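Following: one structure in structure tokens, then a few remarks.
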Amino acid sequence: MNGMRLMIPVLMLLFCSVVQAVEVILCGGVALKSWEHFRGESAHDNWWANFVRASTVQMDMTRRKFPDKKIVWIVFRPSYETRGREDGKDYVDMIRQQAAKRNVQLVFTDTGDRTFEAINAAGRGSDKITSFYYFGHSNAHAFMLEYSNDMIGASTQWMHENDIATKLQKTSFAPNARCRSFGCYTGNSMSATWAKAMGFPLWGNTEATRYHPVSNGCLPMGNGRWVK
């Protein structure tokens with residue numbers, strides 16, 4: 001009997017400390033057509049939902065394998081507000097509908113720092129981030145959350161590789177977390193910086209990323225090599 005009494009608190013402690021796997025999907029902002037119109041053949045984001053659709057493709061893939069997995073969808077909101085005004089549509093509400101349809105937790109952010117905070121918050125307590133995906137504009141050194149929306153061909157809100165070690169909490173992630181960036185050129189620098197700071201890799205492509213496959217329910221493709 002005494003042995004049973006000792007076991008009960010231990011079992012309760014083990015039960016309470018069970019880690020809940022979390023998938024974080026970070027969705028960067030869309031460019032304005034009025035800016036991109038001047039760039040000719042190099043224009044980005046003819047379709048407002050490239051990154052949104054890529055996010056939902058990943059959600060659907062996860063739901064098929066893990067129906068009950070917690071998914072946190074972090075979306076850079078300001079760009080969808082301004083593009084929505086430009087197009088005369090409520091894209092923010094459309095994003096909310098997609099989140100509700102797939103039973104995911106939607107978190108809107110409006111700065112790079114708040115996006116770091118949102119990622120860290122997704123893995124607090126017994127919740128740990130076991131998978132992370134980024135869909136959005138980027139260069140070799142940063143996730144460009146805002147790009148060609150405030151001003152043509154430039155970014156005003158980003159998550160730079162130099163801030164990973166100080167602003168991204170390693171303890172929010174599982175030790176073997178699967179992380180992948182579908183931004184352009186991430187594999188040329190940011191992937192290596194991420195791995196050094198976090199202790200696990202961020203897969204990234206060495207060239208531009210193509211988003212046209214998302215319209216067919218597939219993830220984006222990279223022109224170059226996927227590296228970590």
Side-chain angles (χ1 to χ4, degrees), residues 22-39 42-63 70-122 132-139 142-160 167 180-184 186 208-220:
V22 179
E23 178 161 293
V24 170
I25 299 174
L26 175 57
C27 177
V30 63
L32 288 183
K33 287 193 298 185
S34 55
W35 285 133
E36 293 297 295
H37 170 77
F38 296 105
R39 301 184 61 179
S42 63
H44 291 82
D45 301 348
N46 290 319
W47 186 35
W48 77 273
N50 276 331
F51 307 140
V52 171
R53 178 56 181 147
S55 298
T56 59
V57 167
Q58 178 57 47
M59 292 173 200
D60 292 342
M61 293 173 62
T62 298
R63 283 281 177 255
K70 181 178 179 180
I71 300 176
V72 178
W73 189 18
I74 302 172
V75 179
F76 186 77
R77 178 173 176 160
S79 296
Y80 293 98
E81 291 177 330
T82 52
R83 177 65 180 262
R85 287 195 293 269
E86 184 181 54
D87 293 347
K89 298 180 180 179
D90 191 345
Y91 291 142
V92 171
D93 186 61
M94 292 181 188
I95 290 169
R96 288 196 184 99
Q97 292 177 31
Q98 293 300 317
K101 177 181 178 181
R102 293 168 173 82
N103 190 30
V104 304
Q105 179 183 340
L106 176 61
V107 179
F108 285 118
T109 64
D110 55 8
T111 67
D113 283 345
R114 287 175 180 161
T115 304
F116 274 116
E117 293 169 1
I119 296 171
N120 293 336
F132 170 86
Y133 298 91
Y134 174 66
F135 301 103
H137 292 292
S138 71
N139 58 28
F143 295 155
M144 297 188 291
L145 301 173
E146 182 281 327
Y147 177 76
S148 208
N149 194 287
D150 289 342
M151 61 183 70
I152 186 170
S155 176
T156 59
Q157 292 293 331
W158 57 81
M159 300 172 67
H160 199 276
K167 295 184 179 180
R180 192 169 183 182
S181 166
F182 285 90
C184 300
T186 311
T209 309
R210 295 175 292 163
Y211 272 78
H212 67 267
V214 303
S215 60
N216 295 320
C218 300
L219 289 175

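The residues of the chain are indexed from 1 along the displayed sequence. As the structure is a computational prediction, the values presented were derived from the model and not from experiment.
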Show your working on salt bridge (charged side-chain N to carboxylate O under 4.0 Å, His left out) between R83 and E86 and close with a plain yes or no. CA-CA 5 Å; R83 177 65 180 262; E86 184 181 54; 3.7 Å; yes
So Y80 and W48, would you call those rings parallel, tilted or perpendicular, with 30° and 60° as cut-offs?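 Rings of Y80 and W48: perpendicular, as their planes differ by over 60°.
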Aromatic plane relationship, F135 with Y211 - under 30° parallel, 30 to 60° tilted, over 60° perpendicular: perpendicular
Closest approach of [X] and [Y], non-hydrogen atoms and distance?
X: W47; Y: V214; value: CZ3-CG2, 4.1 Å
X: N149; Y: A31; value: ND2-C, 4.1 Å
X: A208; Y: C184; value: CA-SG, 3.7 Å
X: C218; Y: V57; value: C-CG1, 3.9 Å

Before you tell me yes or no, could you show the steps for I95 and W73 under side chain to side chain contact (heavy atoms under 4.5 Å, CB included), namely the whole-Å CA-CA distance, both residues' side-chain angles and the distance that decides it to 0.1 Å? CA-CA 10 Å; I95 290 169; W73 189 18; 3.7 Å; yes
Using modelled atom types only, decide if a donor and an acceptor are shared between the side chain of [X] and the backbone of [Y] within a distance under 3.5 Å.
X: S155; Y: E146; value: yes
X: T82; Y: P78; value: yes
X: Q157; Y: L145; value: no
X: N120; Y: K167; value: yes
X: Y147; Y: D150; value: no

Please enumerate all residues that pass side-chain hydrogen bond (donor to acceptor under 3.5 Å, both in side chains) together with Q105, with sequence neighbours excluded.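 Q105 satisfies side-chain hydrogen bond (donor to acceptor under 3.5 Å, both in side chains) with no other residue.
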To the nearest 0.5 Å, tell me how far [X] [atom1] sits from [Y] [atom2].
X: E23; Y: T62; atom1: CD; atom2: OG1; answer: 3.0 Å
X: F182; Y: T209; atom1: CZ; atom2: OG1; answer: 8.5 Å
X: D87; Y: D90; atom1: CG; atom2: CG; answer: 12.0 Å
X: Q98; Y: S55; atom1: CD; atom2: OG; answer: 10.0 Å

Could you check whether R180 makes a cation-pi contact with Y133, meaning its NZ or CZ is under 6.0 Å from the centre of the six-membered ring and within 45° of the ring axis? no
Can you confirm whether R63 is buried at CZ, in the sense that more than 12 heavy atoms of other residues, nucleotides or ligands lie under 6.0 Å from that atom? yes
List the steps and the verdict of side chain to side chain contact (heavy atoms under 4.5 Å, CB included) for I74 and C27. CA-CA 6 Å; I74 302 172; C27 177; over 6 Å; no
Quick one: which of V72, I119, L26, T115 gives a side chain to side chain contact (heavy atoms under 4.5 Å, CB included) with V107?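 Answer after filtering V72, I119, L26, T115: V72.
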For D60, enumerate each residue passing the salt bridge (Lys or Arg N to Asp or Glu O under 4.0 Å) test, keeping only those at least two apart in sequence or located in another chain. R102
Within the 4.5 Å heavy-atom criterion, are V22 and K70 side-chain neighbours or not?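 Yes - at least one pair of side-chain heavy atoms lies under 4.5 Å apart.
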Could you go through W158 and F143, starting from their C-alpha distance and side-chain angles, then the distance that decides it, and tell me whether this counts as ring pair (Phe, Tyr, Trp, His ring centres under 6.0 Å)? CA-CA 6 Å; W158 57 81; F143 295 155; over 10 Å; no
Please lay out, stage by stage, how Q58 and L219 fare under the test side chain to side chain contact (heavy atoms under 4.5 Å, CB included). CA-CA 7 Å; Q58 178 57 47; L219 289 175; 3.7 Å; yes
Report the C-alpha separation of N46 and K33 in whole Å, then their side-chain angles, then the decisive distance to 0.1 Å, and conclude whether the side chain to side chain contact (heavy atoms under 4.5 Å, CB included) test is met. CA-CA 7 Å; N46 290 319; K33 287 193 298 185; 5.7 Å; no
Could you walk me through whether R85 and E81 pass the salt bridge (charged side-chain N to carboxylate O under 4.0 Å, His left out) test, one step at a time? CA-CA 6 Å; R85 287 195 293 269; E81 291 177 330; 5.1 Å; no
